[in-house]
Structures are given as structure tokens and as C-alpha cells.
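Okay, so here's the structure we're looking at.
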Amino acid sequence: MRRSRSAASERRTERSGTTIASVVITLAGLLAASPDALADLRLPPRPRGDPPMRIVRVMSSDPVCAPNCPEWISAEGQIMPGTAAAFRKAILDLGGRRLPVLISSHGGSLGAALQMGELIRERRLAVAVARTLIADCPRRTPVCPPPRGEAITGGAVCASACPLILAAGVERLVGPVPMVGVHQITEVLKEREGLAHLTTIRKIYEPDFADAVVQAYLASMGVGDPVMTLLRKTPASSIRWLGLPEMAASRLATQSLDAAAPVLASGANGLNGHAFDGAAARTGVLTAKGGATIGQPDSSPTLAAEATLTYRRGGGAVEVAVAVRDGGATATGWTLVGSGGERLPIEAGGAGQAGTVIPRERFCALARDGKLVAAPEVAGSVAAPQGPVRIELAAMEGVVALLAEACP
């Protein structure tokens with residue numbers, strides 16, 4: 001029914017008209033059942049006092065990983081209107097590093113979830129549904145000292161607004177028994193009416209504008225049906241837990257997360273994922289290969305070499321390997337040289353071979369000029385007779401895709 005003019009004139013709203021105080025999707029509860037039995041079930045009430053999402057940068061507490069312990073961003077709890085700002089600060093504080101995001105949440109603010117997802121895709125981060133057990137920092141503690149913890153898949157849940165954050169990862173991983181669920185969007189409106197300024201709360205289920213926004217968002221993240229279809233048909237008071245085949249078919253999940261060791265203990269600080277059972281292996285590793293020359297540009301002859309760059313999608317490091325194809329030079333060590341004079345030692349791997357794992361942000365800085373220059377040490381001398389190795393990035397096969405992921 002349309003409001004009459006006289007009635008409308010008596011209404012006072014917080015922003016000269018009814019405004020959306022918050023757009024909230026809420027659901028909770030952990031459920032163990034077969035995928036067929038999960039459809040259209042009533043959702044248990046959210047646990048009382050579910051704390052606001054706590055966002056913490058964590059280092060693995062595994063004693064065997066030192067000195068190269070992996071790190072990740074832990075995001076657990078209810079998504080509040082201010083969560084997106086806290087998440088942005090945590091990402092900016094990384095100074096360009098890429099750490100995977102481990103999330104467990106029953107849902108919350110739709111707007112905040114969308115903002116978090118957009119930042120995750122902009123920064124090309126990987127996302128996994130997992131919990132973090134942090135030593136000396138109880139779950140309800142809002143701020144932790146420099147934390148060390150353990151990543152686990154057991155008990156992790158990603159429901160309601162949370163799958164929108166999962167969808168944003170360049171790699172999206174779930175455990176072997178995932179709890180990822182969707183239902184209809186709920187818009188909560190707060191209004192103040194009359195001279196008494198009484199506040200009334202109205203809920204609108206499946207508002208058209210929010211539905212269109214979520215549909216466009218999922219499509220932009222590469223997530224298809226049946227996620228949106230199931231979201232629309234499941235009442236807000238119910239939950240539809242998604243099975244692994246549905247998540248794989250829709251690409252809401254791209255890999256299965258190893259339950260025994262979710263986070264890699266070495267290398268690029270990535271996530272320990274693998275293809276779903278029965279699915280073709282989908283590599284999350286990007287490789288670029290090409291020839292390189294050894295010697296000064298105006299000298300002759302030059303030795304031939306081969307360079308290989310390897311990057312794990314969503315990871316924090318790039319592997320650089322150089323191998324001399326002929327000439328028999330023996331390298332005791334190599335040094336990557338930046339245009340600004342920065343020198344980055346790398347380890348020798350035998351006769352004429354060397355390789356290293358470089359932090360992503362440092363690799364991107366070295367690669368800005370379109371080439372990499374590595375100066376070898378031969379027979380203990382930095383000034384090698386054959387000169388530096390020059391790797392022209394533009395000539396490498398696969399380099400465009402690798403740089404687009406590693407250095408967007």
C-alpha cells in the first residue's frame with residue numbers, strides 16, 4: 001500500500017528519509033548431514049554472543065618450520081559494518097606482501113563482505129575456509145600480541161555473507177567436509193516515526209537491488225550456478241549447505257584444502273591445496289620460461305642460458321632459476337641486480353645452475369624494467385669472465401600471465 005502524504009510528513013528518518021541502517025545476512029549453526037539431506041532445513045539459532053570478526057596476522061607455531069614459517073591472515077567471527085575497514089588496514093599493513101586469508105564466519109553485513117571481497121580480488125589473495133588456533137589469545141580477545149597459531153579445517157564454517165568473501169579469492173579452498181551455506185538476502189530497515197521518535201525495524205526479504213548486486217558480484221568473481229539459484233530459493237530462516245560437487249561446478253571452490261596441513265610449511269607461504277576427487281588437476285602454479293644470454297650486449301661470443309620463473313597463484317614469492325646450457329661455466333653463486341643497484345644473492349645449484357625464492361614485492365620491483373640481470377660468481381670472483389645473465393621478460397613464454405598474477 002502506498003503511504004499517504006499526511007502520514008509521510010509525520011515520519012522522520014535518520015537521513016531525511018528511510019535509510020538502510022545495515023544490510024545483513026544472518027545464519028548460524030554447524031550441521032553434519034549428506035548433501036541431499038541438507039536442502040531446505042531450518043537453521044538453528046546463531047550461538048549467543050557470536051563475537052565481531054577478529055582479523056589477525058598469524059605466524060605458524062609449528063617448531064619445525066623455523067626460520068621460514070608461513071604466515072596468514074585469520075578472519076573469524078561475525079562480519080560487522082566496520083569489519084571491512086579493519087580488514088583493509090590489516091592488508092595495507094602487509095606493505096605489499098600477499099598472505100592467504102583463512103576465514104570462518106556465520107555471516108553478517110552484506111556491504112562489508114562485498115568490500116572485503118573486492119579488496120581480496122584487487123590484491124590477488126587466496127582464501128580458504130579454515131580456523132586458526134592462536135596460542136595465548138582466547139577467541140573473544142579483540143587484540144592479540146604477535147600471535148603464533150595453527151590452521152585447522154575442523155569446525156570452520158562459511159555461511160550467509162561469508163561465501164561472498166570466499167568467492168573473491170584467486171584460489172578458493174575448502175576442507176574435505178566443508179560447511180559453506182547460502183540463503184536469501186535480508187535487508188534490515190530502521191525508521192523513526194512521529195513526535196516520540198519511536199524506532200521501528202522492518203525486514204525485507206530478497207530485495208531486488210541487493211539481489212542484482214550480489215548476482216553481478218558473483219559473476220565478476222567467476223562464480224556461476226547453482227550458487228545464486230540456491231541462494232534465491234532458500235528462505236532466510238533456512239540454510240542450504242553446499243556439497244563439494246556444487247562448489248566445484250560453480251567454482252565457488254577451486255581446490256580441496258589439505259586437512260592435515262592446510263598451510264604450506266615452506267616456499268611461497270601458500271595454501272596446501274589439491275584437485276577435488278575425480279576432477280582434473282588444476283594447477284595453481286604459473287610458470288614462465290625463456291632463453292637468456294650471458295655476456296655483455298656488445299661482446300661476442302655469448303653463452304646461452306635458460307631462465308624459469310615460477311609463481312603460485314595467490315602466493316607471496318616467485319622462484320627464479322637460471323641454468324647455463326653450454327660453455328661449462330661453474331657458478332659458485334649468483335646475484336640478481338636491480339636497476340637501482342640492489343643486489344640479491346641467490347644460491348648455486350651445481351655447475352652453471354642457480355635458483356632462489358624471492359619475496360613477490362621484491363621480484364616485482366626488480367622486474368619493472370622488463371628484464372632481470374643476474375651476475376654470477378665464477379671461481380670466487382664477482383666479476384665473472386662471461387659477464388652477467390640477461391633475462392628479457394617479454395621474450396619468455398607464459399610471462400604475461402605470471403606477471404598479471406604476481407605484479408598486477
Side-chain angles (χ1 to χ4, degrees), residues 54-76 87 90-104 119-120 123-137 144-156 158 165-166 168-176 178 253-275 283-287 309-321 344 346-347 355-364 402 405-407:
R54 183 178 67 182
I55 300 168
V56 185
R57 175 177 167 181
V58 181
M59 179 179 289
S60 173
S61 59
D62 186 351
V64 303
C65 68
N68 187 31
C69 291
E71 294 180 89
W72 63 91
I73 298 294
S74 169
E76 298 187 32
F87 182 74
I91 298 302
L92 294 179
D93 285 347
L94 296 178
R97 293 186 63 197
R98 283 185 186 167
L99 299 182
V101 177
L102 273 55
I103 190 167
S104 180
L119 180 60
I120 286 171
R123 296 304 175 102
R124 315 294 294 175
L125 306 179
V127 180
V129 178
R131 296 171 55 216
T132 302
L133 303 181
I134 302 177
D136 302 322
C137 189
C144 298
R148 300 183 71 92
E150 176 188 2
I152 62 172
T153 60
C158 184
I165 299 174
L166 173 63
V170 292
E171 289 291 352
R172 307 179 282 275
L173 295 90
V174 296
T254 58
Q255 288 187 314
S256 177
L257 188 64
D258 189 287
V263 180
L264 293 176
S266 62
N269 290 343
L271 297 169
N272 192 2
H274 52 80
T283 179
V285 176
L286 300 172
T287 302
L309 308 178
T310 306
Y311 176 68
R312 181 182 297 276
R313 185 177 280 109
V318 177
E319 180 181 345
V320 179
L344 183 63
I346 59 179
E347 296 179 357
T356 190
V357 175
I358 306 174
R360 183 196 64 83
E361 61 274 16
R362 296 189 70 183
F363 166 81
C364 295
L402 186 147
E405 285 288 340
C407 309

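The chain is numbered in sequence order, starting from 1.
With rounding to the nearest 0.5 Å, the separation of CZ in F87 from CD1 in I120 is 4.0 Å. Going from atom CZ of R148 over to atom SG of C65 covers 6.0 Å, rounded to the nearest 0.5 Å. Of the inter-residue distances, the one linking I103 atom CD1 with R131 atom CZ reads 14.0 Å to the nearest 0.5 angstrom. Remark: L257 CG to L102 CG distance equals 7.0 Å, nearest 0.5 Å. From E71, atom CD reaches atom OG of S60 across 10.0 Å, with rounding to the nearest 0.5 Å. The distance from atom CD1 of I165 to atom SG of C158, rounded to the nearest 0.5 Å, is 7.0 Å.
Q255 places none of its side-chain heavy atoms less than 4.5 Å from the side chain of L271. For the pair P147/I134, a side-chain contact is recorded, criterion being any heavy-atom separation below 4.5 Å from C-beta on. In this structure, R123 and R98 have side chains that are not in contact, with every pair of non-hydrogen atoms separated by 4.5 Å or more. You'll find the side chain of D93 stays beyond 4.5 Å of the side chain of R57, heavy atoms only.
The shortest non-hydrogen separation linking R360 to Y311 is CD-OH, 3.9 Å. Residues S104 and A156 share a closest heavy-atom pair of OG-CA, 3.6 Å. Nearest heavy atoms, G273 versus L173: CA-CD2, 3.5 Å. Residues T132 and E76 approach most closely at N-OE2, 2.6 Å, considering heavy atoms. In terms of heavy atoms, V174 sits closest to A253 at CG2-CB, 3.9 Å. Annotation for V170 and A126: closest pair CG2-N, 4.1 Å, computed over non-hydrogen atoms.
Listed for the T254 side chain is a donor-acceptor partner under 3.5 Å among the backbone atoms of R172. Checking side-chain atoms of N272 against main-chain N and O of D258 turns up no donor-acceptor pair under 3.5 Å.
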task: Test side chain to side chain contact (heavy atoms under 4.5 Å, CB included) on E319 and T287 and set out the steps.
output: CA-CA 9 Å; E319 180 181 345; T287 302; over 6 Å; no

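Scanning for side-chain hydrogen bond (donor to acceptor under 3.5 Å, both in side chains) contacts around E405 gives R124, with sequence neighbours left out. Every residue two or more places apart in sequence or in another chain was checked for a side-chain hydrogen bond (donor to acceptor under 3.5 Å, both in side chains) with R54, and none qualifies.
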